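Structure first, commentary second.
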Amino acid sequence: METLKLKEKKTMKKVKISGAEAVVKSLLAEGVDLMFGYPGGAIMPVYDAMYDYQEELKHILTRHEQGAIHAAQGYARSSGKVGVCIATSGPGATNLITGIADAQIDSTPLVCITGQVHSHLLGTDAFQETDVVGISMPVTKWNCQVTKAEDIPAAIAKAFYVAQSGRPGPVLVDITKDAQFGQINFKYKPCQQVRTYVPQPKIEQNKVEEAAQLINKAKKPLVLFGQGVILAEAEAEFKAFIEKAGLPAAWTIMGLSALDSDHVLNMGMLGMHGNYAPNVLTNECDVLIAVGMRFDDRVTGDLKRYAKQAKVVHLEIDPAEVDKNVKTAVAVVGNCKVSLSALTKLVDQTDHLNWLNKFYELKAIENEKVIQGETNSTANELTMGEVVARINEITNGEAIVVTDVGQHQMVACRYAEFKQTKSMITSGGLGTMGFCLPAAIGAKFGAQQRQVIAVIGDGGFQMTIQELGTIFQTKIDIKILILNNQFLGMVRQWQDLFFDKRYSSTEMVNPDFQTIAKGYGIASNKVDARANLKDALNTMLNHKGSYLLEVMVGKENNVFPMVETGASVSDIRLC
């Protein structure tokens with residue numbers, strides 16, 4: 001009897017676990033079941049702890065830490081969850097910085113965990129010691145260094161709260177090796193608030209009323225919407241708003257897919273390579289309504305000549321973005337899912353038919369002078385636009401498209417069609433070449449029921465080409481479409497237009513991509529003739545498993561329309 005009681009007492013005792021195991025159990029407590037990373041000495045205790053949790057927490061071994069963080073970005077963007085990546089100290093941690101900066105400017109929720117040298121070695125220039133907290137401070141929403149095991153659960157709880165609340169963003173938790181080895185009585189408490197941090201500003205009803213009054217008086221209103229609509233999961237509220245008030249709406253590349261491509265009020269893309277009508281008419285509208293977008297310079301062009309005739313209404317969750325670039329008449333600060341619902345109740349039912357007809361007239365001009373030649377080309381060389389147009393016909397707008405950065409990115413954003421939200425994943429604010437391939441891998445893990453197409457240039461592909469190894473190991477199913485113009489195309493276009501065609505270091509001598517794909521066990525094909533394009537695309541999209549299709553396109557084709565640097569959006573060039 002006494003022996004039984006002793007056993008009962010022993011089972012009631014709190015069992016201590018290592019700080020490393022506390023990292024794993026904290027992630028599980030936050031609902032994480034998938035993460036991306038690359039092991040190394042300073043994070044090895046965590047990897048050792050992960051060994052016992054392989055069923056609950058799947059780890060995807062990428063081939064480079066930059067691949068890990070871009071994959072985490074793609075996962076976050078397609079799933080709507082927080083992306084998680086892990087790396088070791090020194091070069092492992094610094095290899096994450098590009099992706100962290102990318103996630104910061106594009107408001108992608110990430111939790112990055114890095115290992116660090118023993119705390120007594122901090123500041124001694126120990127092997128693989130780098131001050132990643134100092135380095136990452138400008139490009140993280142929040143970061144911290146943990147030197148004691150008992151502080152690990154609270155740090156990770158705060159990291160998840162900060163990453164996904166309010167305007168999302170990346171956070172980084174740097175954990176010393178002795179903290180990973182230390183022993184603690186594990187207890188996890190999710191973070192629900194942080195002192196002085198107000199992620200959801202309270203919406204002021206009087207500002208909603210002022211905004212509604214301006215919109216109701218408008219004769220020529222125009223809505224600009226960005227990724228804030230997607231992040232707030234406010235697609236339905238946004239659609240109800242523009243439909244009730246009859247408002248033409250145009251999107252930033254980060255807002256693409258928040259509204260169906262074929263919606264009658266969808267007027268296309270804003271900015272440097274955007275559509276003709278919304279750019280020109282930005283400088284003719286009388287009320288400009290910005291929803292979840294930050295007036296990036298690629299959208300506004302010359303700020304001194306941007307929408308000076310318009311009263312600006314800005315719906316934005318981040319107060320720091322209000323009046324930063326464009327002066328507003330009314331700012332409604334808060335979650336746009338809430339503010340749009342409140343605004344919709346107050347706006348008048350109308351159609352603005354005369355104003356809408358101006359958009360359709362300009363659309364017809366662009367269609368005749370640019371779009372038809374791009375999407376239904378009769379030239380000898382294939383165009384990027386016709387490749388994307390043929391994809392639309394096959395996928396019916398149901399696929400997720402992930403792009404890299406450059407001409408192909410602008411073409412894909414201009415011509416890809418979508419019927420679902422979270423369907424365009426691209427590097428917007430930072431413009432990171434090498435983003436596409438690992439981001440596509442992450443996107444597929446985040447939305448395994450959907451088809452994922454990586455649209456990529458020959459230059460960007462080679463920046464993270466090693467992630468073909470991740471595809472090979474995981475057997476993930478993505479379709480890789482290389483639009484090969486044998487140039488760093490966007491830089492070449494600028495050299496063509498502004499540097500007298502002095503093509504300095506932009507022509508690419510490329511390897512045999514099919515041979516490389518074969519080495520990774522990936523089926524492939526190459527197309528350089530229009531007659532073979534549609535069949536090749538069908539074969540790629542219907543293939544079970546990953547597939548690489550290289551399409552040779554015109555070497556010196558340019559992307560138009562275009563707003564030149566320093567020009568007004570209304571001075572957009574059609575050729």
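Predicted model only: the values in this text are computed from it and were never measured.
Side-chain contact annotation: Gln227 with Asp106, donor-acceptor N/O pair under 3.5 Å absent. Donor-acceptor pairing under 3.5 Å is lacking for the side chains of His273 and Gln409. Checking Glu556 against Tyr503 by side-chain atom types alone, a donor-acceptor pair falls below 3.5 Å. Ser427 and Asp102 are linked by a side-chain donor-acceptor pair at a separation below 3.5 angstrom, with hydrogens and angles left out of the test. No donor-acceptor contact under 3.5 angstrom links the side chains of Lys158 and Tyr197, judged on distance only. A side-chain N or O of Thr506 and one of Gln495 form a donor-acceptor pair less than 3.5 Å apart. For Asn485 and Arg492, the side-chain atoms include no donor-acceptor pair closer than 3.5 Å. One side chain, Gln407 or Gln493, offers a donor N or O that lies under 3.5 Å from an acceptor on the other. Neither side chain, Gln451 nor Glu398, offers a donor N or O lying under 3.5 Å from an acceptor on the other. The closest side-chain donor-acceptor pair between Asn266 and Asp260, if any, does not fall under 3.5 angstrom. Side chain to side chain, Ser257 and Ser423 fail the donor-acceptor criterion of an N or O pair below 3.5 Å.
Considering all non-hydrogen atoms of both residues, Pro438 and Thr464 come closest at CD-OG1, 3.4 Å. Taking each heavy atom of Pro248 and Pro221 in turn, the nearest pair found is CG-O, 3.2 Å. Pairing each heavy atom of Trp251 with each of Cys413, the nearest pair is CH2-O, 3.2 Å. Here the shortest heavy-atom pairing between Gly373 and Ser377 reads O-CB, 3.3 Å. Summarising the geometry of Met562 relative to Leu497, their closest heavy-atom pair is SD-CD1, 3.6 Å, with the distance given to 0.1 Å. Closest approach of Phe359 and Pro278 over heavy atoms only: CE2-CA, 4.1 Å.
At least one side-chain heavy atom of Thr328 sits less than 4.5 Å from a side-chain heavy atom of Val322.
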Discussion item. If you apply the rule side-chain contact (heavy atoms from CB on, under 4.5 Å), what do you find for Leu483 with Val455, and how did you get there?
Written reply: CA-CA 7 Å; Leu483 298 179; Val455 179; 3.9 Å; yes

Practice prompt. Show your working on salt bridge (charged side-chain N to carboxylate O under 4.0 Å, His left out) between Arg167 and Glu321 and close with a plain yes or no.
Written response: CA-CA 11 Å; Arg167 179 181 178 177; Glu321 293 295 346; 2.8 Å; yes

Worksheet item: Could you go step by step and tell me if Thr421 and Glu235 meet the side-chain hydrogen bond (donor to acceptor under 3.5 Å, both in side chains) rule?
Response: CA-CA 8 Å; Thr421 188; Glu235 294 91 345; 2.6 Å; yes

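The backbone N or O of Gly271 lies less than 3.5 Å from a partner atom in the side chain of Asn279, making a donor-acceptor pair. With hydrogens and angles disregarded, no donor-acceptor distance shorter than 3.5 Å links the side chain of Gln200 to the backbone of Gly334. Distance alone, capped at 3.5 Å, is enough to place a donor-acceptor pair between the Gln164 side chain and the Phe160 backbone. Arg77 contributes a side-chain N or O that, together with a main-chain N or O of Thr426, makes up a donor-acceptor pair within less than 3.5 Å. The main-chain N or O of Val32 is never found under 3.5 Å from a side-chain atom of Glu30 such that the two would form a donor-acceptor pair. Proximity of a side-chain donor or acceptor of Lys444 to a complementary backbone N or O of Arg450 within less than 3.5 Å is detected. For the pair Thr383 (side chain) and Glu386 (backbone), a donor-acceptor distance under 3.5 Å is present. Looking only at distances, no side-chain donor or acceptor of Asp286 sits under 3.5 Å from a matching main-chain atom of Ala218. Listed for the Asn392 side chain is a donor-acceptor partner under 3.5 Å among the backbone atoms of Tyr415. Side-chain N or O atoms of Asn216 include none that pairs as donor or acceptor with a backbone N or O of Val347 at under 3.5 Å.
Sorted by first then second residue, the salt bridge (Lys or Arg N to Asp or Glu O under 4.0 Å) pairs that include residues 332-355, not counting sequence neighbours, are Glu237-Lys337. Legend: salt bridge (Lys or Arg N to Asp or Glu O under 4.0 Å) pairs involving residues 399-420, not counting sequence neighbours, sorted by first then second residue: Glu366-Arg414.
For the atom pair CE of Met410 and OG1 of Thr403, the computed distance is 7.0 Å after rounding to the nearest 0.5 Å.
Annotation for Lys311: atom NZ does not count as buried by contact number, only 12 or fewer foreign heavy atoms lying within 6.0 Å. Sparse packing is recorded around CZ of Arg298, with 12 or fewer heavy atoms of other residues, nucleotides or ligands lying under 6.0 Å away. With a 6.0 Å radius and a threshold of 12 heavy atoms from other residues, nucleotides or ligands, Gln192 has its CD atom at or below the threshold. Heavy atoms from other residues, nucleotides or ligands lying under 6.0 Å from CG of Asn354 number 12 at most. For Lys324, the NZ atom counts as densely surrounded, since its 6.0 Å shell holds more than 12 non-hydrogen atoms of other residues, nucleotides or ligands. Within 6.0 Å of the CD atom in Glu233, the count of heavy atoms belonging to other residues, nucleotides or ligands does not exceed 12.
Here Arg390 pairs with Glu393 in a salt bridge; the nearest charged N to carboxylate O distance falls below 4.0 Å. Between Arg294 and Asp296 there is a salt bridge, since a side-chain N of the basic residue sits under 4.0 Å from a carboxylate O of the acidic one.
By the ring pair (Phe, Tyr, Trp, His ring centres under 6.0 Å) test, Phe445 is found to be paired with no residue, residues two or more places apart in sequence or in another chain being considered.
Under the 30°/60° scheme for interplanar angles, the aromatic rings of Phe225 and Phe238 are found to be tilted.
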